[in-house]
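Here's the structure we're looking at; comments come further down.
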Amino acid sequence: MNRILSPKISQKIMKGVFWGSGILTILLLVMIIGYVLINGLPVINFEFLFSDPIDSGRAGGIFPMIVSTIYVTFVALVVAIPLGIGGAVYLAEYAGESNIVKAIRFGSETLASIPSIVFGLFGYAFFVIYLGLGFCVLSGGLTLALMALPTILRTAEVSIESVPRSYTEGSLALGANKWQTIYEVVLPAAIPGIITGIILGMARAIEETAAILYTVGASLAVPVSIFDPARPLPLHLYTLATEGISMPNAYGTAAVLVILILVITIVTNALVDRYIKKMMGR
Amino acid sequence: APGSGSKVTVVGSTSVQPVAEKLATAYMKEHPNVKITVQGGGTAVGIKSAQDGTANIGTASKALSTNDSQGLTQYTLGQDGVVAIVSPNNNLTGLTKDQLKGIFSGNITNWNQVGGPDAKINVIVREEGSGTRDAFQDIVLGKLSNGTKVSFVSSAIVQSSTQAVQQAVSQDPNAIGFCSFADLGNDTKALSINGISASASTIADGTYTIQRPFLFLVKGDAKGEVKNFIDWVMGPEGQAILTSQKIIKSTNSTNSTK
Amino acid sequence: MTEKTEEKFVKWVLFATGLSSIAIILLIILFIFNEGIPAITNIGFFNFVFGMTWAPSNGQYGVFPMVIGTLGITALALLLAVPLSICCAVFLSEIAPPTMRKILKPTIQGLAGIPSVIYGFFGLVVLVPFMRVHYGGTGFSLLAASLILTIMILPTITSISEDALRSIPMEYKEASFALGATQWQTIKNVLLPAAVPGVITAIILGMGRAIGETMAVIMVAGNVVQIPGSIFDPVRALTSNIALEMGYATGLHYNALFATGIILIGVIIILLLIANYFNYKKRVTIGGGYL
Amino acid sequence: MPYRIEVKDLNVYFGESHILKDINININNNMVTALIGPSGCGKSTFIRTLNRMNDSISTFKKDGSVLLDGKDIYESKVDVVDLRKKVGMVFQKPNPFPKSIFDNVAYGLRIHGESDKDVLANKVEESLRAAALWDEVKDKLEMSALGLSGGQQQRLCIARTIAVEPEVILMDEPCSALDPISTTKIEDLIHKLKDDYTIIIVTHNMQQATRVSKYTAFFLNGEIVESGLTDKLFIEPEDKRTEDYITGRFG
Amino acid sequence: MPYRIEVKDLNVYFGESHILKDINININNNMVTALIGPSGCGKSTFIRTLNRMNDSISTFKKDGSVLLDGKDIYESKVDVVDLRKKVGMVFQKPNPFPKSIFDNVAYGLRIHGESDKDVLANKVEESLRAAALWDEVKDKLEMSALGLSGGQQQRLCIARTIAVEPEVILMDEPCSALDPISTTKIEDLIHKLKDDYTIIIVTHNMQQATRVSKYTAFFLNGEIVESGLTDKLFIEPEDKRTEDYITGRFG
Ligand SMILES: Nc1ncnc2c1ncn2[C@@H]1O[C@H](COP(=O)(O)OP(=O)(O)OP(=O)(O)O)[C@@H](O)[C@H]1O
Ligand SMILES: Nc1ncnc2c1ncn2[C@@H]1O[C@H](COP(=O)(O)OP(=O)(O)OP(=O)(O)O)[C@@H](O)[C@H]1O
Ligand SMILES: [Mg+2]
Ligand SMILES: [Mg+2]
Ligand SMILES: O=P([O-])([O-])[O-]
């Protein structure tokens, strides 16, 4: 019995390592979020949130951008969630380990690594020009959907695969067909992981600039129809910051975006936690 | 959609975008039945959109090559100066054009060669294709005797926007960069060139030579509401806005970068 | 609709959704190749891929330094982010007090939603000056880009790994504890092996994010086209090259940027093949038996 | 009277291992058949073959045929879902869904189209009563089933299965985690059910086999050594190995 | 002789539910104690309290004390890992790791520092033999443990537990999925182990309790109704409810 470290010592060390990485992550979080909020919060007030920008955003508010962000993200998720979860269910439950599965998986992984700028150009060439949709919420939303898709698909696939077999068998033995089993037992049990995928995919869509630069237009007006151009928050922020229009308002815009995202993730996670507690009896 | 009487789309250069938006807002206030949407994308997108008709008006922040301008009518909104900038902590106030050329082409690498402290010069430039960069390269670096352009020093840091260049320069006392006069902020210091500082008057009369045009591009001839808008922009109201944005009407027609 | 046709219908719909990601990637590749191949034939494949100079205004198009730049930035970012993220995932799922976890997890996920531009500015304003003061040079560097990417991919790897860890049946954990295993032994010998498929997916998605990130890298990497001598030298990534110049490029230059995209996709595919090789080797089937 | 289930020359393999060898057995309608045999001899594998539960195991291969009401259940045109609706199953390891107790029992009813609340509530109560679980859980029907004790989970799975009224019920050691009282209740249930259903039960308890079953089959190393009327098999077994096993003189 | 385990005024709650009520029991060294009682009465909860296995359930609360060798195992300075190394446990639902059969048994040895291949191989064989599983699996030690039959999994978990030689062994229905032969072998094992170990076994089988245990405690609705020498408890129980239960006249 010779080992370099006793289990107790390695437990202590590793516990330290885990706490260390947890704390390091917290520091990073505090640094980044703090950086955005400290610079951005002073700008935020009722008027900033609910009025139109004046003078390209040097003054006034960001109301049209908030609407645009919600609108574009909504379009992206409406497309990406069904495609992602549907694809994941197919991969995990229907397809076995065939070549088509490997191809789909590989395709989605490649898709996940395509630079956002290429999505932007593709969106421009395909949605804007080829399909003739023009610069609009729909073109931007569809482009973002493509970006969010692989994250949702692969994450959902993993969580569906890790649902214990005994649940599936229990359902099948009651005469449930495959789809009922998936819908009633497998998906509910996989929900926490699927939600993580959706949140990550949504976050990707909500923060993306390059992909919408060439697709959504950059109109300062509030978009009404999905064929109207729009200017989501990150694009506005990008223009404000990189063209030197107004750094304070750029930070304010960023802070609004960060708060928006944090509220969504915190609420969603709380719901998921409650759900797990209820289902798993833990 | 393009062509419909009361809707106008303007697409292209991100440098022109802010001022175009301002123009559009003011115009729509006077003409409530007209809707003008202004979008970014870049000068190349502006040229393409104008050529293929995706947009009524394309915008560009540099003089077009004859190839690019095929079939397009160009309207010059005005001139934008390009200024060399350093950190406020840098004691230098001006350089000669030759010194500037030496620094950006890589022949001068230490501040003590131009009267500063003994420190390496960190050169920061814009990306290939940027209107600002083109203008600066053409005018400051010039061409070799065989006609090819003189290149920037290869170790130069590349930043992709006016603001990023200013940020980078403002924090590094040994850095030097350049940016649009219209967008010059308070964190950096513009250098005089050959003793002349950039200002509305020196740009307008051409004594400050580093400048480039902002363009509206229309396929064929402007018609209907597009024409109305451009006429308005070129008229007194439009020009007043342009001037307020430091886009300067040239009083001397020989200084174009063309 | 009878139940049986419903089943078939569902299966086909799901199949179609699965195919959509292949269709999309093929469309994108087609589009990039369509625009990019002319440049490669014009410039010559060898000159393009192994050329050392990128000077479009002089008609020189060589991307090799950028291939190295992309690989360097991505590798270093993964090297930093993977251990940190996995440790953080373990921390969240096994060690952190529940209330801490409840706050930390959504916040980390939220980190994924902060715009790249903000990361870029953060890097430009905080990180680059810090590096300049401490390590000399301009501060714009491969290391700066990798550090920013590390923070950017942390949420992806951490959240997906954490879910993989938490979905492991409680029974395995109990069995290990009951044998007198310490928490770390249980994590190392039972939980992590069972979570391997999820963790690898997390890493692959994180790698995708790192390799595809554009805006933030542009702002901190310096974008000098050169093979870096050290991690403190500035570099240009393939993605940055496309984004930097696309707004203005026309003609051959425009096509050459798409050709850069082709090279990037080639690099991605090679990296994914390597990653998947490990993935299939390591794939552990949990829930294999019945009863 | 035709047999309800006829198994002919059934061989089952998991990958390389030959698990069931030349199984031939006929199962009567409205009767209880018990399967006995040492651990690992293939009883679970056998009953899982009767509702095609093994299909989902990738290494599973079989030859021979299994007829239900004269039709081969492994024919390609057979609808597995219909088959499993007819042939219900209680698994050896209790496997409640991560849902509430109520939803576990209502699950099968709902997927078969029942949505009326009162009907569901009645049926759930009835099934839980039959499985001798009602009194213990009637106040916490909304609790997660995963918080139940081992035996409670087992009874819940029984309730879940009988709720959908299959025609054939396969039970893989339904009483293994149960105390004598609950066991008696389940045995009573089996007695009641046998008039209308065909029941196959795996058990390690010889007494239980004699109490509940009319027919018994004795499995050993993947073969059926002997099968026949329970009374006869336990009193005067034909095969030496059967005798050794039931008298505990085995191995 | 001092008691090995002393449980004093133990009350256990899961959230709002009061699961164990005022439990007082002393457990002797080198002896087998059986716990009996109807399903859901709290037996599993009780033995899981003895190695602090319930700690990981977030709603778990307890008061009262559990002393092992005179020291309260719930005191803050107690090292839970050491405790569990001393107090081993076989769970009610077999829970092998998703690893090979060999690795399952070797797991505990490895984490306690054994890395010598021969020692591991010997110890694994010895433990599998003791759990009466060796003959069935000796040719497929590298197979996933999840491919074993229910009873085989249960024996594997027993082998896994005894391999690390804990001083106290808690067994939650170790024979529930086993046939009589395997059961006899496990009981023989228990007989052998009891000279060196303290064993607590939950069983639903009264015969088993009388066969293996010296002491028995009867649980009902979270309380210990009666405890004492097995022979006495089964022959002349003091409490009416005990008598009803063991004679099957219950409920
Ligand atoms: N995690 C939990 N949350 C809530 N209630 C629980 C939990 N675990 C067990 N219970 C309840 O505690 C009671 C006792 O459960 P326990 O598992 O101790 O019973 P048992 O005596 O082992 O029964 P069995 O013989 O069926 O295994 C049961 O009524 C059960 O529903
Ligand atoms: N998925 C599988 N892959 C490989 N072998 C398997 C698999 N499932 C079962 N086996 C093997 O098949 C044999 C029969 O298993 P089965 O589960 O049918 O036994 P059983 O009679 O039900 O035993 P028990 O009474 O212990 O539950 C066993 O030796 C087991 O190891
Ligand atoms: Mg079995
Ligand atoms: Mg129990
Ligand atoms: O075209 P610019 O962004 O460089 O002005």
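Throughout, a chain's letter reflects where its sequence line sits, starting with A, and its residues are numbered from 1. The basis for the numbers below is simple: all heavy atoms, side chains too, and nothing from hydrogens, waters or symmetry mates.
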- Query: Between Pro56(C), Pro129(C), Gly137(C), Pro234(C), which residue shows the highest count of heavy-atom pairs closer than 4.5 Å to chain B?
  - Reply: Pro56(C)

- Under the side-chain contact (heavy atoms from CB on, under 4.5 Å) rule, what do Gln159(B) and Leu124(C) come out as? Steps first, then yes or no, please. CA-CA 10 Å; Gln159(B) 286 294 308; Leu124(C) 193 58; 4.3 Å; yes

- Task: Tell me, for Gln226(C) versus chain B, whether the close heavy atoms (under 4.5 Å) come from the side chain, the backbone, both or neither.
- Result: neither

- Message: To the closest 0.5 Å, what do you measure between NZ (Lys48(B)) and OH (Tyr254(C))?
- Response: 3.0 Å

- Note on the structure: Heavy-atom closest pair (Gln171(B) atom, Arg132(C) atom, distance to 0.1 Å) is O-NH2, 2.6 Å

- Say you draw a straight line from CG of Leu244(C) to OG of Ser160(B); how long is it, rounded to the nearest 0.5 Å? 5.5 Å

- State, yes or no, whether a side-chain contact exists between Val158(B) and Val224(C) at a heavy-atom distance under 4.5 Å. no

- Identify which part of Val125(C) has an atom lying under 4.5 Å from any heavy atom of chain B, answering side chain, backbone, both or neither. both

- Greatest number of heavy atom pairs closer than 4.5 Å to chain C - which of Ile47(B), Asn174(B), Ile124(B), Asp172(B): Asp172(B)

- Task: Check whether Ala164(B) gets within reach of chain C through its side chain, its backbone, both or neither, counting any heavy atom under 4.5 Å.
- Result: both

- Query: How far does CZ of Arg236(C) sit from CD of Glu127(B), to the nearest 0.5 angstrom?
  - Reply: 9.0 Å

- Query: Between Ser154(B) and chain C, which part of the residue has a heavy atom less than 4.5 Å away: side chain, backbone, both or neither?
  - Reply: backbone

- Query: Pick from Asn67(B), Asp68(B), Asp134(B), Ile157(B): which one has the most heavy-atom pairs with chain C under 4.5 Å?
  - Reply: Ile157(B)

- Around atom CG of Asn110(B), are there more than 12 heavy atoms of other residues, nucleotides or ligands at under 6.0 Å? yes

